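Down below is the structure, laid out as structure tokens.
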Protein chains: 2
Amino acid sequence: MTATIHSLPKRPTPSMAGLMALTAPGLTQVNHVIIDRMQSPVALIPELAGHLIAGGGKRLRPMLTLGCAALLDYAGTRHHKLAAAVEFIHTATLLHDDVVDVSGLRRGKPTANRLWGNPASVLVGDFLFSRSFELMVEDGSLKVLKILSSASSIIAEGEVAQLTAQRNVETSEDRYLEIITAKTAALFAAACQIAAIVAERNAATEAALEAYGRNLGIAFQLVDDAIDYVSDADTMGKDSGDDFRDGKITLPVILAYARGSEEDREFWRRAMSGRANGDTELARAGTLLAQTNAVTDTLARARHYGARAIDTLAGFPNGPAKTALTETVEFAIARAY
Amino acid sequence: MTATIHSLPKRPTPSMAGLMALTAPGLTQVNHVIIDRMQSPVALIPELAGHLIAGGGKRLRPMLTLGCAALLDYAGTRHHKLAAAVEFIHTATLLHDDVVDVSGLRRGKPTANRLWGNPASVLVGDFLFSRSFELMVEDGSLKVLKILSSASSIIAEGEVAQLTAQRNVETSEDRYLEIITAKTAALFAAACQIAAIVAERNAATEAALEAYGRNLGIAFQLVDDAIDYVSDADTMGKDSGDDFRDGKITLPVILAYARGSEEDREFWRRAMSGRANGDTELARAGTLLAQTNAVTDTLARARHYGARAIDTLAGFPNGPAKTALTETVEFAIARAY
């Protein structure tokens, strides 16, 4: 039996074009702050920081602060400095992550630690982190300082927890969700929440934007972890299979291990321990992930958090900001397809 | 000709006993905050942090905050949290320094990075640093936040500057002083200055205590750098000759290089570049340092800054706090003798 497939009128592929257009003028201001405040008489600091900051970062977190401020019709400029502070925190964690992960590539370029060594990456990260607090102090809101200092502690806790879980295939899905909520979603959440502070909105609005950022952050990380098993360095600017080679336990592995035979589990234990994690093993990992639907279901989990993120926006007025923030979630998910 | 040497009535050897006695009750409170706030559900954090924090740290910086508060007759308790914040910043920089320096021993014990690896040291440092800002936010003074976030940036800048100067024997004494003022003295200065903030004193008092801490910090670092060429691991809890082996340019080397013959300079260039820095070379370095009075004169410089630190206290009322802070400077210098 044959059937004629009629293609339905397709929704356009989700993109961040809406958020980018909405936030472009603000982002120019944020970039001015970023470039201005990463300067130092110590030349290595702007050199190394510029490699990562000027070098094609997506500015996703600052755009979220700007987008949420637009959602609240905030007409001031305080959020420019604060969005820069958020980006500095993010950049500092990237610099330290690359030292921790011994990464070689980020966004398709050699990592700072490969170019300048671990010591410089650690110390310039510390500088940017301190600088982010200086920016917050200049803004002068203790509420913002509380949110971002707490987020920073939680990020570090999440990173240490991830280190502890490294190579441990028995890590549960719950534990994994705790880790990514801390190491990734906390800063997304804070970036969105501070828009409500500068716009002087009530606690419910703060909570809604915090939840939007948190759920988006979880979805984002889940998709990233799935992508590590499907893409290659050319398309994503990240070495495919990095997580596998580093023995980093992500949801695809957790699901494949839980659903695998005893023989499969023994494979995962050996691979994640670093005893057998070459290209042959990466290929077998791909086969096992496909057999157990582990990547597919990781993406299903991501869609769940994406849907929750979109639902947090229900109480806000319709308009370009709400549309842009909704499409950002859809784009975060669609990256994997 | 022989002479009978009459010993003069000697001043007691300088010690920190006065500052310790003065600050003991406050330090108990500070230690409670420290232990309480280094906790985390992620067990590796208190384990690693405890190794350094609980393990025999001198608590010099918190004691300075407490001592300066006593000098101002401050009767409140705000400085307990803030002194803990200062100690967390200090501990974070130690954890990162050990990664940067690839040290093996600190305070006579294996360093955290030797025991738990670089990644854990970097991330737990980040956690303590974030936690220190949470403590400051709880205190709620934007002035304190400004002083300590600025000090943190300056410390990181100083550490990067030191990295840049590493192995460069042409580093000038001026440049070296800039570096140690940033990486060491800035936190001493901030620790003292914040006592004036909590005691709500005027700008002149703030400036005097800032100058006390800064000059003490410079003296302290100069003596440390001299000690690295005179002590051994048993007495100081630090590997003697560490700086030499790391190619770290300190004032003894700067003076010996500047005062040396062309042959001596060639020796220093080779040694500091890491091409020839074994025990034989360390012995020769000791000879050259002695010939050029480089260690002796480093200590003379330290006495200069120590004298300036003591003079900043002139305007404060006499009493046990002023005596204790004066003796602390004398002790910092006397460690080398």
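Residue numbers start from 1 in every chain, and the chains themselves are labelled A, B, ... in the order their sequence lines are given, proteins ahead of strands. Since this is a predicted model, take the numbers as computed values, not measurements.
Taking CD of B/E47 as the reference point, atom OG1 of A/T164 lies at 9.0 Å (rounded to 0.5 Å). A/S149 contributes atom OG, which lies 9.0 Å from atom CG of B/L135 (distance to the nearest 0.5 angstrom). In this structure, the separation between OG1 on B/T93 and CG on A/D126 is 8.5 Å, given to the nearest 0.5 Å. From A/I154, atom CD1 reaches atom CZ of B/F127 across 9.5 Å, with rounding to the nearest 0.5 Å. Atom NZ of A/K146 sits about 14.5 Å away from atom CE of B/M136, to the nearest 0.5 Å.
Note: A/F133 and B/F133 have parallel aromatic rings, judged against thresholds of 30 and 60 degrees for the angle between ring planes.
Of all heavy-atom pairs between B/A156 and A/L123, the closest is CB-O, 3.9 Å. Counting all heavy atoms, side chain and backbone alike, A/I45 lies closest to B/E157 at CD1-CG, 3.5 Å.
In terms of heavy-atom pairs under 4.5 angstrom with chain B, the leader among A/G140, A/A151, A/A43 is A/G140. In terms of non-hydrogen atom pairs under 4.5 Å with chain A, the most contact-rich of B/N118, B/V137, B/L148 is B/V137. Heavy-atom pairs under 4.5 Å with chain A peak, among B/I89, B/V160, B/V122, at B/V160. Ranking B/G117, B/S121, B/S130, B/S152 against chain A, the residue ahead of the rest is B/S130, based on heavy-atom pairs under 4.5 Å.
For the residue pair B/S153 / A/E134, a side-chain donor-acceptor distance below 3.5 Å is found, with atom types taken as modelled.
Interface remark: A/L163 contributes side-chain atoms only to the contact with chain B (heavy atom separation under 4.5 Å).
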